[in-house]
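The block underneath contains the structure these notes are about, expressed in structure tokens.
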Number of protein chains: 2
Amino acid sequence: MLQTTPVTTEQAPSPADVCSAPPRRHPRPDGQDSYTISEVVAFTGLTAHTLRWYERIGLMAHVDRSHTGQRRYSNRDLDWLDLVGKLRLTGMPVADMVRYAELVREGEHTYGQRRELLEETRRDVLARIAELQDTLAVLDRKITFYSRGA
Amino acid sequence: MLQTTPVTTEQAPSPADVCSAPPRRHPRPDGQDSYTISEVVAFTGLTAHTLRWYERIGLMAHVDRSHTGQRRYSNRDLDWLDLVGKLRLTGMPVADMVRYAELVREGEHTYGQRRELLEETRRDVLARIAELQDTLAVLDRKITFYSRGA
DNA sequence: CGCTTGCTTGGAGCGCACTCGAAGGTCATA
DNA sequence: TATGACCTTCGAGTGCGCTCCAAGCAAGCG
């Protein structure tokens, strides 16, 4: 049950989503593939409430359970949470992320739709960066002004 | 009453806040310095509700009124709204913007505090841009993957 | 005069993304 | 075996940033 090769961010059993191999986002002990919710809290900074809520709304596939019904998160789950964290930073609404999660669960034939969704997000991110750089210019002008004035 | 020189974004009667001269953000007829709320709605894209709310919470200084009590916005008010719009894009909480507005109303002796606040915001914006570029990299890897796969 | 349009106010309501509470089950350690 | 930490569920509550509503006033027009 141990998975030593880099785990895919996707939940689909695709042969090689090696695209998400390099950046291990949160510190994570090696040689382990089963974490309690409080461990995941420590890794991700999310609260246990939020993790359970993500599962309820379908933003995460059903997480494995121990024989007593407690959640046991896999490395794959952690990778997924990393992606969700990134998308959250872009301002993508949770509903859209849920949509993406659904596409992933539906299997490989949704690759096209997934790509579309990500490309739209990409455009949003680029626009967002441009806005922020614009704002940066305004801030710099004002800061310069206040530095001279004071 | 006509103000033909570039108007300052600050409400303080500072001799030369020329720093905010160049970028006229929203289209705005020249040779006029008094706009109804619906004109401001057209310029800024905000709703009248939001404009009145900004005033109630102290995010805008009290706006001039006509003899019948209706709001008459000045170019200076529009400049302020431009700044607020920019700060809003950075994710700055409304409460912080209100704080900044208070500093502006308190006069020139708050220059230092204003600069500090803006510099903190600047740091936030830079961090935000870095995050987004990080996310962009993830998106690009995934998009490439889906393009190859499909 | 009546009608419409646009503005005024204070306060209530909404959507989002969590966040928390209550009641109870499980587990490791002393 | 008992204490306390940690987990479970579902539903209700919170904070933010608006968003809307109802009631009423003022101006312009046929």
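Keep in mind that what you see is a predicted model, and the values were worked out from it rather than measured. All values below were derived from every heavy atom in this structure, side-chain atoms included, with hydrogens, water molecules and symmetry-related copies excluded.
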Chain A contact limits on DNA chain D, taken 5' to 3' with a cut-off of 4.0 angstrom to heavy atoms: D/dC7 to D/dG11
Rounded distance (Å) that lies between atom P of C/dC16 and atom CD1 of A/Ile57: 11 Å
Under 4.0 angstrom between B/Arg52 side-chain N/O and C/dT9 OP1 or OP2: no
Single-linkage hydrophobic cluster B/Leu136~A/Leu89, side-chain heavy atoms < 4.5 angstrom: no
B/Arg122 and A/Asp140 ion-paired at < 4.0 Å: yes
B/Val84 side chain near B/Met97 side chain, heavy-atom distance below 4.5 Å: yes
Sugar-phosphate only, base, or nothing, as touched by B/Ser66 at under 4.0 Å among non-hydrogen atoms: nothing
Steps toward side chain to side chain contact (heavy atoms under 4.5 Å, CB included) verdict (A/Leu59, A/Glu55): CA-CA 6 Å; A/Leu59 185 49; A/Glu55 207 177 327; over 6 Å; no
Check: A/Tyr73 ring centre within less than 6.0 Å of A/Phe43 ring centre: no
Sugar-phosphate only, base, or nothing, as touched by B/Arg72 at under 4.0 Å among non-hydrogen atoms: nothing
Shortest non-hydrogen contact between B/Ser74 and B/Tyr35, atoms and distance: C-CE1, 4.2 Å
Reading 5' to 3' through nucleotides 17-22 of chain C, protein heavy-atom contacts under 4.0 Å coded B for base, S for sugar-phosphate only, - for none: SBBBB-
Geometric class of the B/Tyr100/A/Tyr146 ring pair [parallel <30°, tilted 30-60°, perpendicular >60°]: perpendicular
Electrostatic pair B/Arg114-B/Glu120, nearest N-O below 4.0 angstrom: no
Distance below 4.0 Å between B/Ser38 side-chain N/O and C/dC7 OP1 or OP2: yes
Sugar-phosphate only, base, or nothing, as touched by B/Arg71 at under 4.0 Å among non-hydrogen atoms: sugar-phosphate
